[in-house]
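Because only heavy atoms are used, hydrogens play no part in the values below, and waters and symmetry mates are left out as well, while side chains stay in. First listed ligand is number 1; within each ligand, the first listed atom is number 1.
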Amino acid sequence: MSHAWGYSAENGPEKWVTKLPHRRWVPASPPSTIVPADASYDAGLKPLCLKYDAKDCIDILNNGHSFQVTFTDDTDRVYRLKQFHFHWGESPAGCFVNNRVTGAFCPSVSQLHLVHWNTKYPSFGEAASKSDGLAVVGLPSSFIHASRPPTTTPPCSLFSCRFPSQGTQTTFPGFDPTTLLPGCLDYWTYDGSLTTPPLLESVTWIVCKETISVSPAQMASFRALQFSGAGEAACCMVDNYRPPQPLKGRAVKASFQ
Ligand code: SG4
Ligand code: ZN
């Protein structure tokens with residue numbers, strides 16, 4: 001699998017723009033730091049309505065940048081779920097993964113991204129290049145706190161499958177992403193881009209206020225995944241996130257007061 005880009009000093013976020021020139025690669029595009037006090041309440045924002053079906057879940061793929069769980073594309077919704085994946089840090093103490101939320105919220109140890117595409121376009125591929133083509137729901141996660149019961153079933157029990165090795169996929173039927181969602185779907189939203197090359201500016205980011213929980217054991221299983229492929233020096237898949245970027249004047253709206 002190609003290592004044209006990655007997360008190391010040689011091919012990481014700092015180098016994406018210089019090493020892999022592309023006219024759409026905007027250096028300072030979101031994900032961004034969300035400061036709750038700077039977000040303005042927008043009464044016109046609709047409640048987030050996420051409906052998923054376990055029978056649409058197909059497989060789990062290790063693409064060398066993350067692992068992702070893929071869904072069939074034939075559900076009857078305006079925005080269809082294409083796949084979900086995680087980004088996570090190396091440090092067990094936590095890190096600031098994409099869409100860092102400051103203030104009252106602790107740094108997240110990982111972030112779940114549910115990637116949806118707008119079916120007014122004929123395919124995911126076409127939608128990915130349109131400004132209103134993708135909607136990614138970002139769910140920051142924190143560790144399970146002894147003092148605070150998990151708000152959702154910890155992904156721990158859900159990803160007990162054997163992860164596929166780099167560049168391979170394996171069937172993963174019957175997984176219902178609804179089980180990953182927090183109880184409250186209040187969110188912040190802003191226009192942004194994919195967090196990986198080619199950084200297409202086609203994403204409506206929807207970041208939920210309530211964090212989900214992930215167990216230390218589950219994080220350990222994520223961190224045991226490999227960036228490296230067969231025959232390459234072992235390299236653990238960690239810090240596979242783009243650091244927060246400045247908002248550059250983009251408005252962040254909140255669905256809640
Ligand atoms: C991860 O690398 C996913 O595995 C990619 O999925 C995804 O790219 C990429 O992150 C960027 O997505 O929500 N973080 S993000 O902005 O969904 C796309 C695939 O390569 C295009 C399919
Ligand atoms: Zn992502």
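With hydrogens and angles disregarded, a donor-acceptor distance shorter than 3.5 Å links the side chain of His87 to the backbone of Asn240. Lys15 places a side-chain N or O within donor-acceptor distance of the main-chain N or O of Ala9, the cut-off being under 3.5 Å.
Checked by atom type, the side-chain pair Asn11/Ser8 shows a donor-acceptor distance below 3.5 Å. Using a 3.5 Å distance cut-off with no hydrogens or angles, the side chains of Thr72 and Asp56 do pair a donor with an acceptor.
Using a 4.5 Å heavy-atom cutoff, the side chains of Cys208 and Leu139 are in contact.
Considering backbone and side-chain N/O of Gln83, one or more are found under 3.5 Å from N/O of ligand 1. The shortest N or O to N or O distance between His85 and ligand 1 is under 3.5 Å. Taking only nitrogen or oxygen atoms, main chain and side chain alike, Ser66 does not reach within less than 3.5 Å of ligand 1.
Heavy-atom separations between Val115 and ligand 1 include at least one value shorter than 4.0 Å. Taking a 4.0 Å cut-off on heavy atoms, His87 registers as neighbouring ligand 1.
When heavy-atom distances to ligand 1 are checked against a 4.0 Å cut-off, Val136 comes that close only through its side chain, counted from C-beta outward. Under 4.0 angstrom from ligand 1, there are no non-hydrogen atoms of Asn240. For Thr195, heavy-atom contacts with ligand 1 shorter than 4.0 Å involve the backbone as well as the side chain.
Between Phe175 and Phe84, the distance separating the two ring centers is shorter than 6.0 angstrom. Annotation: Phe86 is in aromatic contact with Phe222 [ring centroid separation under 6.0 Å].
Here the Zn ion (ligand 2) is the vertex; the ND1 atom in His113 and the NE2 atom in His85 give an angle of 120° (to 10°).
Residue contact check: Asn63 has heavy atoms under 4.0 Å from atoms 3 (C), 4 (O), 20 (O) of ligand 1. Residue Thr196 approaches ligand 1 through these ligand atoms, each under 4.0 Å from one of its heavy atoms: 2 (O), 9 (C), 10 (O), 11 (C). Every atom of ligand 1 is numbered from 1 in the order shown, and the set under 4.0 Å from a heavy atom of Trp205 is 13 (O), 16 (O).
Distances from atom 21 (C) of ligand 1 to the heavy atoms of Phe84, Phe67, Tyr241, Phe124 put Phe124 nearest.
The hydrophobic cluster containing Leu112 also contains Val238, counting ILVMFWY residues as joined when their side-chain heavy atoms lie under 4.5 angstrom apart, directly or transitively.
Shortest non-hydrogen contact noted between Thr196 and Trp16 is CA-CZ3, 3.9 Å.
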